[in-house]
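All values reported here derive from a predicted model rather than from experimental measurement. We count ligands from 1, going down the list as the structure has it; atoms in each ligand are counted the same way. Counting begins at 1 with the first residue of the sequence.
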Amino acid sequence: MKKMQLEICCGTTCYMMGANRLLYIENEVPPELRGKFEVKALPCMGLCNDKNLSGAPYVKLNGIIIENATIEKICDKMRAMLDD
Ligand code: FES
């Protein structure tokens, strides 16, 4: 099965708003999600400007934007994708 692609914005705004913690998501996901995704750090995606900072930190999971991303929120989206 192809791995899910998790892109974490590491621009200044997202980094300060929690992306720094998200970079370690591989160590914090539950066992059923381990090895099922690849993490990539990106520079500012430009979304913080469009949405006036309120949605940071931003990540993309298989190209789908998740705003106010937390490890829990990302895990929920991953589980939903695995169920599809
Ligand atoms: S810093 Fe993340 S979208 Fe700009």
- Counting heavy atoms not belonging to K77, are there more than 12 under 6.0 Å from its NZ?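 No, the 6.0 Å shell around NZ holds no more than 12 heavy atoms from other groups.
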
| message | Counting only heavy atoms not in M16 (residues, nucleotides, ligands), do more than 12 fall under 6.0 Å from its CE? | response |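 Result for CE/M16: open.
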
Report the C-alpha distance between M78 and M4 in whole Å, list the side-chain angles of each, state the deciding distance to 0.1 Å, and finish with yes or no for side chain to side chain contact (heavy atoms under 4.5 Å, CB included). CA-CA 8 Å; M78 285 181 179; M4 292 180 276; 3.8 Å; yes

Separation between CG of L33 and CD1 of I71, rounded to the nearest 0.5 Å: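 If I round to the nearest 0.5 Å, the distance is 11.5 Å.
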
Note: C9 and P43 closest approach over all heavy atoms is SG-O, 4.0 Å

Taken in chain and number order and not counting sequence neighbours, the residues that satisfy side chain to side chain donor-acceptor pair (under 3.5 Å) with D76 are R79

Just to be sure I understand the site: which N, O or S atoms from the protein are less than 2.8 Å away from atom 2 (Fe) of ligand 1?
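Protein N/O/S atoms under 2.8 Å of atom 2 (Fe) of ligand 1: C9 SG, C14 SG.
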
